[in-house]
Every structure is written in C-alpha cells, then in structure tokens.
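Below you'll find the structure, written out as structure tokens, and then a few comments.
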Amino acid sequence: VFSISFTTQSAFVIDYTPTFDRYYEFMDTSTRTGTILTTLLGRSLTISFLVAFFTLITTYPVAYYIAFYVKKNKMLWLVLMTLPFWTSYLLRVFAWKLILGHGGVINASLMTVGFIDEPLGFLMYSKTAVVITMAHAWAAFALLPLYVSLDKIDYSLIEASHDLGCTRFETFWRVVWPLSLPGVIGAVLIIFIPTVGDYVTPALVGGTEGRVLSNMIQAYFGRANNFPLGAASAVIMLISVVIVTIMVNVVTKRLTQRL
C-alpha cells in the first residue's frame, strides 16, 4: 500500500514512477477531491474520538462496580457483561438499524406516547447513528482493560484515603482515577485505532452524513479504480492515527505527573 501511494494510474495501468502527486491531491483543499478527503479525515477522527469517549463513560462505571463491589464470581459477571458481544458484529449493527430507524423502536415508542409527531431524523443515517452503534459494538473491548486496571488497585490505599478524611469523590479523583489511567488510555486507544478505519458501520447506518474516509478508501480500491489515491489516503490515515496516539501518550504522562 505504501509503495502504491507513490504511483500514478491510467485506467487499469499503474505507472510505478515515484511521485508525491497523490499526496498533493489529497491535501489540496482548493480542489473538490482534496476538500472531500480532508473533510472525511476530520470526520473519521472526530467520530472515533466520540466513540472512545462515550464508550469510556459507559463502561468505566461498570468496570468500577465489578472491581470494587462484586465480591464473588467476578469472572461470571465479566462473561455475562460481554455475552451479547459474542454475536456477529453485523447482526448487532442491523439490530441498531431496527432500533434507530424511522420506524424503529425509539421513534415508534416516542410517537406512541405522543412525545413526537414525526420520526427523529438525526437518529438514523447520521453521525449520531454511527457513534451510537460503534460505541455499543466496541464496549466489551474497553470493559476488560478498565476492569484489569481497577482490579489491580490496592484497596488499602482507598481505605487510607477515607481514614485521612477524603470524601468518596476525593478518593476517586486522587487515588482511583490516577491509578486506573493506564487502563483508561489502553481502552481509549483500543477503541480509537480500529474505529478510525471501520467502513462497515458508516456504510450501513451513516448515510451521506456519516460517511468517513475509510468508505472513500474502499471505493478507490473498488468501483472508483484509483489505487494510488486510495493507498495515499490509507497512509495519511495511518500517520494521523500514529500522531494522535503519540499525543495521547504525552498528555497522559503529563496528566499522571500532575495528579
């Protein structure tokens, strides 16, 4: 893929003479192609950040409860929490289509009770639908590292903070949260990195508003028949993910030192 990104293509013939033209084409926002691709890259990163954020705030309390309040059969709890994710990924995506669709469970229920007069358009074929579906689909991958990080915390530290007069929130903020940061960062990166390249979910529930760069890469390697531009787009996406990962690690180290 990396080598193909430096080539040019005419119909079905690829010229392997090295050139940076495809990268210039991607970054040139004065053209329609460049504008679309840079916009889709920004949308891909934004959606992945939102998915990681909402996955974190929904799975952290569950992992916290299992780690500190479940005394027996913790493994059974983890199995039960991850059991729905043993089903096919596509089945779960189609299930969310039934829930979020114009005639789906949410809209039908709200219309039945009289809260709305017509279906909520933003629930389906939008960025909202992509974020909700991905956040649910990847929740199990965040739950496990969070639980492991929280379960390793020495409970005597929490008891010591209570003995020193800290409130529950102060104990969480000054003791639990800093010690669980490795699991938090691991969960965020585990969610962020693969969701940037996910093209199935945006294609099924995103519509035109929820399309991301991975959908364009798929098209370039498929019906658009533009392998060099698709390869250059993939490389730029990879570089963007690496940069974000490095930034997250740097910020995490500084935040850990302050806490």
Determine the sole option in Asn225, Asp15, Asn226 for which the side chain to side chain donor-acceptor pair (under 3.5 Å) test with Gln9 is passed.
Asn225
Below 30° counts as parallel, above 60° as perpendicular, anything between as tilted: where do the rings of [X] and [Y] land?
{"X": "Phe49", "Y": "Phe192", "answer": "tilted"}
{"X": "Trp173", "Y": "Phe169", "answer": "parallel"}
{"X": "His136", "Y": "Trp96", "answer": "perpendicular"}

For [X] and [Y], which heavy atoms make the closest approach, and how far apart are they?
{"X": "Val196", "Y": "Ser44", "answer": "O-CB, 4.3 Å"}
{"X": "Ala234", "Y": "Val1", "answer": "CB-CG1, 4.2 Å"}
{"X": "Thr58", "Y": "Thr55", "answer": "OG1-O, 3.0 Å"}
{"X": "Ala139", "Y": "Thr59", "answer": "O-CG2, 3.6 Å"}
{"X": "Pro202", "Y": "Asn215", "answer": "CB-OD1, 3.4 Å"}
{"X": "Gly42", "Y": "Thr46", "answer": "O-OG1, 2.8 Å"}

For the hydrophobic clusters of this structure (ILVMFWY residues joined by side-chain heavy atoms under 4.5 Å, transitively), does one cluster hold both [X] and [Y]?
{"X": "Leu110", "Y": "Leu100", "answer": "yes"}
{"X": "Val131", "Y": "Leu41", "answer": "no"}
{"X": "Val51", "Y": "Leu56", "answer": "no"}
{"X": "Val188", "Y": "Val242", "answer": "no"}
{"X": "Leu164", "Y": "Val175", "answer": "no"}

So, [X] side chain and [Y] main chain: donor-acceptor pair closer than 3.5 Å or not?
{"X": "Arg211", "Y": "Leu40", "answer": "no"}
{"X": "Thr171", "Y": "Ile158", "answer": "no"}
{"X": "Asn249", "Y": "Thr245", "answer": "yes"}
{"X": "Ser10", "Y": "Val13", "answer": "no"}
{"X": "Thr167", "Y": "Glu170", "answer": "yes"}
{"X": "Thr29", "Y": "Thr35", "answer": "no"}
{"X": "Ser149", "Y": "Pro145", "answer": "no"}
{"X": "Thr82", "Y": "Val79", "answer": "yes"}

Counting only heavy atoms not in [X], do more than 12 sit closer than 6.0 Å to its [atom1] atom?
{"X": "Lys74", "atom1": "NZ", "answer": "yes"}
{"X": "Asp117", "atom1": "CG", "answer": "no"}
{"X": "Phe68", "atom1": "CZ", "answer": "yes"}
{"X": "Met111", "atom1": "CE", "answer": "yes"}
{"X": "Tyr24", "atom1": "OH", "answer": "no"}

Tell me, do [X] and [Y] make a side-chain contact under 4.5 Å, heavy atoms counted?
{"X": "Phe85", "Y": "Arg92", "result": "yes"}
{"X": "Val205", "Y": "Met124", "result": "yes"}
{"X": "Leu98", "Y": "Val105", "result": "no"}
{"X": "Lys127", "Y": "Leu50", "result": "no"}
{"X": "Val235", "Y": "Phe26", "result": "no"}
{"X": "Ile236", "Y": "Leu213", "result": "no"}
{"X": "Ile217", "Y": "Tyr199", "result": "no"}
{"X": "Tyr220", "Y": "Phe227", "result": "no"}

Give the intermediate values and the outcome of side-chain contact (heavy atoms from CB on, under 4.5 Å) for residues Ile193 and Val244.
CA-CA 9 Å; Ile193 293 173; Val244 170; over 6 Å; no
Applying side-chain contact (heavy atoms from CB on, under 4.5 Å), run through Leu90 and Leu204 and close with a yes or a no.
CA-CA 9 Å; Leu90 288 177; Leu204 293 177; 4.0 Å; yes
Within this structure, what is the [atom1]-[atom2] distance for the pair [X] and [Y], rounded to the nearest 0.5 Å?
{"X": "Met81", "Y": "Leu143", "atom1": "CE", "atom2": "CG", "result": "6.0 Å"}
{"X": "Glu118", "Y": "His102", "atom1": "CD", "atom2": "NE2", "result": "10.5 Å"}
{"X": "Tyr65", "Y": "Trp77", "atom1": "OH", "atom2": "CH2", "result": "4.5 Å"}
{"X": "Leu78", "Y": "Ile66", "atom1": "CG", "atom2": "CD1", "result": "4.5 Å"}
{"X": "Leu37", "Y": "Met237", "atom1": "CG", "atom2": "CE", "result": "10.0 Å"}
{"X": "Thr7", "Y": "Ile14", "atom1": "OG1", "atom2": "CD1", "result": "5.0 Å"}

Under the side-chain contact (heavy atoms from CB on, under 4.5 Å) test, which residues partner Phe141, sequence neighbours left out?
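Partners of Phe141 under the side-chain contact (heavy atoms from CB on, under 4.5 Å) test: Trp138, Ile190, Ile191.
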Using the side-chain contact (heavy atoms from CB on, under 4.5 Å) criterion, which residues pair with Thr128? Sequence neighbours excluded.
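For Thr128, the residues satisfying side-chain contact (heavy atoms from CB on, under 4.5 Å) (neighbours in sequence not counted) are Phe122, Ser126, Ile132.
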Run the side-chain contact (heavy atoms from CB on, under 4.5 Å) check on Leu146 and Val184 step by step: do they pass?
CA-CA 6 Å; Leu146 288 173; Val184 171; 3.8 Å; yes
Could you check Leu150 against Val176 for side-chain contact (heavy atoms from CB on, under 4.5 Å), going step by step and ending with a plain yes or no?
CA-CA 8 Å; Leu150 289 167; Val176 178; 3.7 Å; yes
Quick check on the 6.0 Å ring-centre criterion: do Phe6 and Tyr23 meet it?
yes
Would the Tyr60 and Trp177 ring centres measure less than 6.0 Å apart?
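Yes.
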